Novice: 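What follows is a structure written as structure tokens; I'll ask about it next.
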Number of protein chains: 2
Amino acid sequence: MIGDSPTRPAFSMSQLLIGPPLETLALAHQAVSRVIGLAVFASDALSSTAYATEEILLILALAGAGAFHLSLPIALAIASLLVIVTVSYRQTIYAYPNGGGAYIVARDNLGEVAAVTAGAALLMDYILTVAVSISSGVAQITSAFPALHPYSVEFAVGVILIMTIVNLRGVKESGTIFAVPTYFFLAMMFITLGIGVFRAITGTLGTVTGVETLAETLEPITLFLILRAFSSGCTALTGIEAISNGITAFKPPRSHNAAVTLTWMSGILITLFVGITILSRRIGAIPIHNETVISQLARTIYGPGSILYIMTMAGTALILLMAANTSYADFPRLAALQARDGFLPRQLGFRGSRLVFSWGILALASLASLLVIFSNAEVSVLIPLYAVGVFMSFTLSQAGMAVRMWREGHLKPGEIEKGLETDLSFDPRWRHKMIISGFGALCTGIVMVVFAVTKFVTGAWIIVILLPTLVYTFFRIHKHYKAVATSLSLKGKNQMVAAHPMQTIILVDNVHAGTLEMVDVAKSLGHPWRAIHIGINPDKEEHVKEQWAEYIGEGEVEIIDSPYRHLTYPLREFIEDLLAQNPDSYVHVIMGHLAMDTFMGQVLHQNSVLLFNVALTNMDRVVVTIVPYQIHRAPHNQYIATGNFARQPVKPADAAKAAE
Amino acid sequence: MIGDSPTRPAFSMSQLLIGPPLETLALAHQAVSRVIGLAVFASDALSSTAYATEEILLILALAGAGAFHLSLPIALAIASLLVIVTVSYRQTIYAYPNGGGAYIVARDNLGEVAAVTAGAALLMDYILTVAVSISSGVAQITSAFPALHPYSVEFAVGVILIMTIVNLRGVKESGTIFAVPTYFFLAMMFITLGIGVFRAITGTLGTVTGVETLAETLEPITLFLILRAFSSGCTALTGIEAISNGITAFKPPRSHNAAVTLTWMSGILITLFVGITILSRRIGAIPIHNETVISQLARTIYGPGSILYIMTMAGTALILLMAANTSYADFPRLAALQARDGFLPRQLGFRGSRLVFSWGILALASLASLLVIFSNAEVSVLIPLYAVGVFMSFTLSQAGMAVRMWREGHLKPGEIEKGLETDLSFDPRWRHKMIISGFGALCTGIVMVVFAVTKFVTGAWIIVILLPTLVYTFFRIHKHYKAVATSLSLKGKNQMVAAHPMQTIILVDNVHAGTLEMVDVAKSLGHPWRAIHIGINPDKEEHVKEQWAEYIGEGEVEIIDSPYRHLTYPLREFIEDLLAQNPDSYVHVIMGHLAMDTFMGQVLHQNSVLLFNVALTNMDRVVVTIVPYQIHRAPHNQYIATGNFARQPVKPADAAKAAE
């Protein structure tokens with residue numbers, strides 16, 4: 001026997017990267033205050049201020065610099081939408097004190113199709129959040145250090161890689177860790193805006209230098225263009241739903257604290273977004289390829305290269321990385337939820353050794369990396385893919401709440417007293433609440449359609465195709481699991497376990513020490529057996545027969561001809577004959593495997609066990625037993641075989657006699 | 001039971017691509033005449049005229065157009081080298097009538113290290129032959145159709161892909177197929193050179209138009225530069241050894257016919273190479289990025305776009321593709337030879353269903369594709385990697401011949417009569433022959449060193465590092481196989497097969513129809529068993545215990561705790577305890593596997609059999625039996641499980657009784 005194999009595994013490469021395993025009991029909650037809660041859940045929403053204004057200007061720039069004055073009205077329209085959504089989500093927070101993500105709210109109130117649609121939309125958006133936030137974060141850094149610009153993609157993928165490793169380790173006490181960058185960002189942004197406003201009022205704020213100027217008019221300003229700019233800016237709303245997902249993390253009274261935090265967050269978000277938009281217009285910021293609007297703003301306010309400029313850019317980059325990091329928690333958790341409901345591969349629902357959903361983290365990281373590579377780490381390429389999903393989930397979540405309110409209002413007197421499985425309770429203000437949620441759903445639904453239409457050709461078409469495809473796939477998966485569960489179910493079909501005859505065959509490739517082991521196992525099992533060799537090479541067939549007679553000396557090797565040098569087809573045919581001869585029997589195939597210590601050593605051998613296993617696994621009544629024979633590598637590249645048992649030497653005469 | 005599984009497999013995707021399998025007996029030889037033999041074996045050597053002159057000019061161009069007059073003396077020096085090698089290889093052909101590739105000659109006369117070095121060098125060069133020939137072939141085509149130039153890499157990789165599929169099918173009657181393009185190329189080249197010479201003599205041959213001119217002097221002409229140009233031109237010699245490899249393909253008297261063919265080939269090669277060099281100089285051809293020298297020559301002689309121009313380019317492209325194709329025969333054959341001697345992974349020595357060495361073909365195709373991609377399909381990037389290996393194998397092969405002659409001359413009288421295992425026979429002209437081979441070895445050895453030194457910085461360093469690395473790796477592989485063979489050998493250790501006690505455990509994840517199947521198998525085997533569940537989730541543990549009592553009703557499930565949610569470590573620990581308790585026993589692990597019809601269906605399940613197999617395969621005295629349970633997909637995405645046997649219904653009361 002080699003190696004130690006304790007319950008807690010020995011040190012390995014994966015442990016070096018992701019740390020030692022954690023006990024299941026360690027999965028405990030840690031309640032956070034409002035201040036920490038804001039830091040934990042707001043980074044996604046607040047960080048979108050780093051690119052939302054720029055994305056509005058980027059569309060308006062198509063009509064020339066003269067269209068930039070539209071940025072403020074557009075930003076104000078988006079701010080109004082934000083107020084509506086905030087009011088609506090406060091209701092959700094009170095209705096779902098255990099966490100009311102769009103998937104859960106839709107599942108409870110609108111049924112499976114809506115739930116799966118919301119789930120698929122959110123999963124897509126979590127992936128895009130990682131890609132967009134990290135691309136934008138990298139763009140902030142390369143704005144400050146232009147020499148890094150050519151390496152944006154490598155940089156962004158590197159950040160995703162590090163973030164993946166950190167998250168596979170699992171983040172403990174994340175609250176306090178989150179607070180520092182979030183509040184640092186907020187501090188820097190408020191200082192920047194404050195000084196900016198002060199300098200603007202005192203007339204000392206200049207305009208941005210060193211960027212190409214834009215012609216006053218290029219294209220006519222159309223309604224379509226304004227709607228495009230509006231929908232680009234709506235990315236500011238992404239992440240607003242995070243608090244409604246994480247209510248359980250707050251200190252009691254949970255719902256109240258969560259709702260207050262949501263209100264704070266929206267207030268801060270609106271202030272920053274509108275403030276950045278106004279000042280960007282004031283300094284004449286131009287959306288260009290190699291410097292972000294935030295950088296132009298901070299550079300104009302502080303002067304290039306100043307400490308405050310660098311700190312502002314660092315804060316912005318940090319909050320964007322934090323925002324990406326929230327998806328590392330949300331995506332695997334939602335995927336696990338859907339996997340447990342049978343809509344995604346079951347593996348996504350298993351917690352890894354560090355208590356995190358490792359498969360989900362890896363899936364998120366790979367898909368986000370692909371997006372970054374294909375978009376060349378450019379935010380504006382990703383924006384048309386973004387936000388359709390977010391607004392889809394907003395709409396479904398609020399529509400679900402509206403339906404819920406309607407049902408609350410229509411509870412029959414008896415139901416009110418009983419307390420129902422759906423947790424409804426009559427609320428006299430249901431009509432008022434239903435209108436709020438319904439209006440929110442209507443607004444976000446309209447924005448979603450506007451978004452899909454105005455961004456259709458630049459990328460939203462991908463989502464319009466992908467979303468239904470995903471929903472269809474999720475239901476296919478669900479159907480598969482349900483059907484398999486039905487066919488495996490024993491309910492109502494009391495059946496008896498019973499013994500059956502066994503036809504045992506030993507698969508012989510060559511006669512060596514490993515072959516002895518197979519025969520040992522066959523003898524130990526105690527059923528009669530036949531030794532079989534697949535004949536590919538006529539010379540070898542003879543050799544195997546002779547060796548068998550010399551060294552095994554019991555029975556003889558039967559040859560199955562394989563004129564086409566296939567290993568598996570002739571074996572299958574042979575087994576099918578055996579099964580047909582005795583329809584009540586199992587066929588038991590014993591095969592040997594040379595087990596090497598190292599992967600490279602193993603690769604040098606044929607490993608036909610894999611091939612045979614694949615070939616026989618879809619045959620009824622055929623069971624396969626693998627008999628490994630260990631070959632260990634000793635120092636100085638010598639190899640030694642460990643015979644499993646001390647064997648009795650046998651006189652050649654005896655062996656010869658037995659062979660007869 | 002599903003599907004048919006005849007000895008000859010049913011139709012599949014791989015068959016559509018590579019054709020139905022061929023019987024082993026179909027592996028027969030077909031003797032070719034000298035005319036066909038020239039076509040089959042000369043394409044590699046002759047095709048190098050398509051780029052050898054250009055590569056000389058490319059180096060001379062560094063010194064300016066004034067250095068181009070050196071191309072003729074350099075070409076003549078290369079031609080002299082070619083004569084020496086030809087004379088030397090004629091001797092090899094007579095000494096090795098069964099085929100004397102460098103690997104075999106070196107193995108016979110210089111030992112394993114030289115043989116493995118020659119083998120590694122040749123394998124590298126076969127890969128480079130594919131990359132260089134196809135890149136050059138594509139360059140000829142894009143010279144004629146410049147619109148294709150941006151797609152050179154895709155084009156080249158596409159050609160490799162097609163060639164790979166064709167070769168995986170196996171090429172039958174290749175001789176005649178080869179004759180057409182080879183002789184078409186020769187005809188076109190001789191016509192081109194003939195007309196070119198005629199027009200030059202009559203003074204009607206102009207100079208090439210439409211290419212940038214080059215300054216007369218750029219760098220000084222140094223000896224180093226001349227040697228660099230010389231070694232670039234030496235690529236003309238690649239492929240000259242092909243005939244000595246393929247002597248058995250010729251009609252008797254084989255050696256004589258092969259030797260005559262070699263002489264013809266060298267004569268033609270020298271004529272073409274020197275002719276192209278002279279005329280290129282005459283028309284003032286300039287090595288440029290997007291048009292080959294052959295194209296400039298043919299265009300100047302025939303006029304652009306004329307039929308003869310297109311035909312010349314087509315012929316050149318064809319012979320280059322043929323040259324690449326010869327590597328598809330040579331690489332897998334040599335790899336198989338080395339694999340059988342235990343220097344390469346054994347799998348390279350197996351013939352696939354179409355009688356070709358499929359693994360070798362796939363290895364060649366992937367490596368050549370990578371080279372094409374990394375070199376951007378540019379011949380001049382690949383040239384510094386090329387030819388070091390060829391000249392290494394030339395040198396070793398001829399040195400081997402010289403050693404052989406020396407041993408022939410020093411045979412003792414008794415040995416002459418006996419006839420030796422090494423096939424030597426006293427030859428009175430041994431001294432003369434030894435000098436020829438030795439001189440050849442010396443010349444090619446010097447060229448190899450010149451090549452390695454002058455091309456070192458531009459790429460030959462890769463080969464200088466890679467070749468010893470490969471040789472070392474090949475010996476490591478050899479050592480591994482030898483050591484494994486020793487530890488598996490039964491020679492001189494007569495040992496007896498014997499039965500041992502079996503401790504059987506059934507690995508239970510859940511209780512369902514597949515679980516019944518496992519218990520059936522355990523009962524059929526007739527040994528006492530214990531059912532084991534790895535406890536990851538406390539709720540599930542209870543559920544499994546209850547279900548077991550209800551539906552199986554024999555024995556009970558034992559829980560192995562796994563606080564870290566590992567599946568395999570606790571199991572290993574449990575098995576090690578069992579093994580320690582009874583050191584004379586096997587532990588027999590029975591595990592179930594849900595077998596789905598489709599790959600996608602299978603992916604949706606945990607497939608923990610794979611995980612457990614990997615975890616248990618390196619344990620002594622542990623055998624694993626896999627009990628598959630078939631779940632078939634019926635129309636309309638329904639799934640049905642096929643119970644292996646018609647089961648007897650059992651009254652719940654009985655089950656309850658049995659559970660007690």
Side-chain angles (χ1 to χ4, degrees), chain A residues 1 5 7-9 21 23-24 345 351 353 479-480 483-484 487-488 490 494-497 499-500 502 512-513 516 519-521 523-525 551 563-565 569-570 572-573 586 595 604 617-618 620-621 623-628 630-631 637-642 644 647-650 652 655, chain B residues 1 5 7-9 21 23-24 345 351 353 479-480 483-484 487-488 490 494-500 502 512-513 516 519-521 523-525 551 563-565 569-570 572-573 586 595 604 617-618 620-621 623-628 630-631 637-642 644 647-650 652:
Chain A
M1 219 152 312
S5 52
T7 309
R8 181 155 153 189
E23 275 200 58
T24 312
R351 281 188 191 275
S353 63
K479 197 161 188 175
H480 172 90
V484 169
S487 41
L488 287 178
L490 294 170
N494 275 312
Q495 290 176 324
M496 214 175 189
V497 288
H500 295 270
M502 279 271 168
H512 52 55
L516 256 63
V519 179
D520 272 7
V521 169
K523 286 175 78 86
S524 305
L525 287 168
Y551 293 110
Y564 300 104
R565 294 167 313 289
Y569 290 102
R572 279 184 69 109
E573 202 177 43
Y586 282 108
L604 289 174
T617 195
N618 69 340
D620 266 349
R621 299 194 279 135
V623 297
V624 170
T625 293
I626 298 166
V627 181
Q630 311 297 329
I631 295 187
N637 293 326
Q638 299 298 326
Y639 290 83
I640 41 161
T642 55
N644 287 350
R647 287 182 187 282
Q648 297 302 319
V650 58
Chain B
M1 220 152 315
S5 53
T7 309
R8 181 157 153 186
E23 275 201 57
T24 312
R351 282 187 191 276
S353 63
K479 197 162 188 176
H480 173 90
V484 169
S487 42
L488 287 178
L490 294 171
N494 276 311
Q495 290 178 319
M496 216 173 188
V497 287
H500 295 268
M502 279 272 169
H512 52 57
L516 258 64
V519 180
D520 272 8
V521 169
K523 287 174 76 87
S524 305
L525 286 169
Y551 293 111
Y564 300 103
R565 297 166 311 291
Y569 290 101
R572 279 183 68 110
E573 202 178 43
Y586 282 107
L604 289 176
T617 195
N618 69 340
D620 267 350
R621 301 193 279 135
V623 296
V624 169
T625 294
I626 299 165
V627 180
Q630 311 298 326
I631 295 187
N637 293 328
Q638 298 298 327
Y639 291 81
I640 41 162
T642 56
N644 289 349
R647 290 183 185 280
Q648 298 302 320
V650 58

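Predicted model, so just to flag it, every value in this text is computed and none were measured. Order of the sequence lines fixes the chain letters, A, B, ..., with proteins taken first and strands second; residue numbering starts at 1 for each chain.
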Novice: Does A:D520 reach the main-chain N or O of B:A498 with its side chain, forming a donor-acceptor pair under 3.5 Å?
Specialist: yes
Novice: Kindly indicate whether the side chain of A:L525, heavy atoms from C-beta on, has any atom under 4.5 Å from the side chain of B:L525.
Specialist: yes
Novice: Quick one: closest heavy-atom pair of B:D620 and A:Q630, and the distance?
Specialist: OD1-CG, 2.5 Å
Novice: Tell me the closest heavy-atom pair linking B:M502 and A:S524, and the distance in Å.
Specialist: CE-CB, 3.6 Å
Novice: Taking all atoms of both residues into account, what is the closest heavy-atom pair of A:S487 and B:A513, and its distance?
Specialist: O-CB, 4.1 Å
Novice: Can you tell which of A:T625, A:V519, A:L604, A:V521 has the highest number of heavy-atom pairs within less than 4.5 Å of chain B?
Specialist: A:L604
